[in-house]
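A note on names: the letters A, B, ... follow the listed sequences, proteins ahead of strands, and every chain is numbered from 1.
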2 protein chains.
Amino acid sequence: MTPHKEDYLKALYELGGSEHLVSNKQIADLLKIAPASVSEMLGKMSREGLIQYEPYKGSRLTQSGLQLAISLVRGHQLWEVFLIRHLGYSWSESHEDAEMLEHITPPRLAARLDRFLNYPAYCPHGNVIPKADGQVENAALEPLKDLSVGEKSKIRRVDEERELLDYLESLGIEIGSPVAVLAIAPYEGPLTLDLDGRNVQISYKAACQIYVDQIHDPDTNNTIF
Amino acid sequence: MTPHKEDYLKALYELGGSEHLVSNKQIADLLKIAPASVSEMLGKMSREGLIQYEPYKGSRLTQSGLQLAISLVRGHQLWEVFLIRHLGYSWSESHEDAEMLEHITPPRLAARLDRFLNYPAYCPHGNVIPKADGQVENAALEPLKDLSVGEKSKIRRVDEERELLDYLESLGIEIGSPVAVLAIAPYEGPLTLDLDGRNVQISYKAACQIYVDQIHDPDTNNTIF
DNA sequence: TTTAAAAATTAGGTATACCTAAAATAGGAG
DNA sequence: CTCCTATTTTAGGTATACCTAATTTTTAAA
Ligand SMILES: [Mn+2]
Ligand SMILES: [Mn+2]
Ligand SMILES: [Mn+2]
Ligand SMILES: [Mn+2]
């Protein structure tokens, strides 16, 4: 295993490669690597049994590839918790450094870090932290933008992009905060939120990357409760 | 910078490359790399201004190479302190994992880890931890084997080799313990120690790799005090 | 001062992982 | 069903960092 292959595994995992085929282009875009290089690497990883590769169709993780991908994600998130809780990192800083630390986190280190952190269930950005055995359970969430005016929910997760994270942190947005939409300006205009009693305005784009407890049926768009 | 070059810098530093020329062979032996590869890499690092390389003579660190080497050592030792104090690592385990972590420890991370650990002065094996500005101050030590029967000193540092570390830890030897030599068996036989009141036998080889406060003048071999 | 061993360099080659450019394929629009 | 375009693959090439084998240089012994 090399950090490069690990990045491919993680990319595949994040793009849904544990459930369905993922196109080379998606991987190339995410990792910012030329499509030709992606083909080459995927071919090699296929021969190594990490992925199942169907030329011209796409690739998905094998059982062993999935295990590796999950343990990388686990290491990443545990480090984020450490960096934020104990070293005073910001949301975006923790993601940056965890991106490197994940590659040198053997199971022994992950296990001891996990214990030190008291077995956290979520990373600071709200993602579920896989257990040592690879177990992952995702709650049903929906983007904040899909909340209607007046509906109440709770902030559960945010996308991990530097600019977004810095923006959200400057607004004081936190995982777990109760939130309600007070107003939605038209034409992808800003949303006015009641954030745990505080009045906050956020961009539409940000509202697409903040996730709250699902209160709408994803098919019919009817309120679930 | 790559982890490989970083390993060369650290090797050069550990072999005294901040003070005098170091031969290619020493580096090759330490890093377990073929001498031909070492020549090649040193040539490149010389062109990059990291070392001063005199073909057929040896190499030494430049100012910038020394700074890098020191910050690697600093990262390494800070991680060791963390792994032992907070994650319950053993002496040998901490060295192993720190060997990898040191390569992904940007100054920001080192600074915050340093603060979290409350600015430790020594690594768990007794080495001085360089300060952020590169300052290093070494105390005068001598090998435990050079102590005469009856002389009292304190254990200050041990060499970092897996087998030695596991051996010493199993004997309950700790940095800072008062120690006196009760008997020295002839022909490189074992030493019997009074270790903080306890009676302990250690091999001659181990006594060469344990360092105590210097009480002999290194030139005349007379007792200093 | 010669000579032999040790150390270092050079030459030639491997594997990894990336690139660009060219050719092949697939899938949707008409 | 035929094109066209987006995607993918193949071909050829780069850089890094390692190797072994052959040659050169240094050093130290005779
Ligand atoms: Mn992250
Ligand atoms: Mn996270
Ligand atoms: Mn160490
Ligand atoms: Mn140490």
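- Residue A/Arg47 contributes atom CZ, which lies 13 Å from atom C1' of C/dA17 at whole-angstrom precision.
- Taking atom CG on A/Leu50 and atom P on C/dA17, their separation rounds to 11 Å, with Å as the unit.
- Partners of B/Arg157 according to the salt bridge (Lys or Arg N to Asp or Glu O under 4.0 Å) rule, which considers only residues two or more places apart in sequence or in another chain, are B/Asp159.
- Between the CG atom of B/Leu31 and the P atom of D/dA17 there is a distance of 13 Å, rounded to whole Å.
- By the side-chain contact (heavy atoms from CB on, under 4.5 Å) test, B/Pro35 is found to be paired with B/Ala28, residues two or more places apart in sequence or in another chain being considered.
- Residue pairs meeting the salt bridge (Lys or Arg N to Asp or Glu O under 4.0 Å) criterion with at least one partner in residues 50-65 of chain B, sequence neighbours excluded, are absent.
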Side-chain donor-acceptor contacts of residues 37-50 of chain A below 3.5 Å, not counting sequence neighbours, with atom names and distances?
unit_1: A/Ser39; atom_1: OG; unit_2: A/Asn24; atom_2: ND2; d: 3.3
unit_1: A/Glu48; atom_1: OE1; unit_2: A/Lys5; atom_2: NZ; d: 3.2
unit_1: A/Glu48; atom_1: OE2; unit_2: A/Lys5; atom_2: NZ; d: 3.0

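- With sequence neighbours excluded, the residues forming a side chain to side chain donor-acceptor pair (under 3.5 Å) with B/Lys25 are B/Asp29, listed by chain and number.
- Rounded to whole Å, the distance from NZ on A/Lys44 to C1' on C/dA17 is 6 Å.
- Residues from residues 2-12 of chain B placing a heavy atom under 4.0 Å of any atom in DNA chain D, listed by number, are B/Thr2, B/His4, B/Lys5, B/Tyr8.
- Using bins of under 30°, 30° to 60° and over 60° for the plane-to-plane angle, the ring pair A/Phe82/B/Phe82 lands in the tilted bin.
- Residues that satisfy the side chain to side chain donor-acceptor pair (under 3.5 Å) test with B/Asn127, not counting sequence neighbours, are B/Glu160.
- Among residues two or more places apart in sequence or in another chain, the side-chain contact (heavy atoms from CB on, under 4.5 Å) test is passed with A/Pro55 by none.
- A straight line from CG of B/Leu21 to C1' of D/dT27 spans 16 Å, rounded to a whole angstrom.
- Rounded to an integer number of Å, the gap from NZ of B/Lys32 to P of D/dC19 is 12 Å.
- Atom P of nucleotide C/dT16 and atom CE of A/Met1 are separated by 14 Å, given to the nearest angstrom.
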Protein-nucleic acid N or O pairs under 3.5 Å, nucleotides 7-9 of chain C:
unit_1: C/dA8; atom_1: OP1; unit_2: B/Asn24; atom_2: N; d: 3.1
unit_1: C/dA8; atom_1: OP2; unit_2: B/Lys25; atom_2: N; d: 2.7
unit_1: C/dA8; atom_1: O3'; unit_2: B/Tyr56; atom_2: N; d: 3.3
unit_1: C/dT9; atom_1: OP1; unit_2: B/Tyr53; atom_2: OH; d: 2.4
unit_1: C/dT9; atom_1: OP1; unit_2: B/Tyr56; atom_2: N; d: 3.2
unit_1: C/dT9; atom_1: OP2; unit_2: B/Asn24; atom_2: ND2; d: 2.4
unit_1: C/dT9; atom_1: OP2; unit_2: B/Ser39; atom_2: OG; d: 2.3
unit_1: C/dT9; atom_1: OP2; unit_2: B/Tyr53; atom_2: OH; d: 2.5
unit_1: C/dT9; atom_1: O4'; unit_2: B/Tyr56; atom_2: OH; d: 3.4

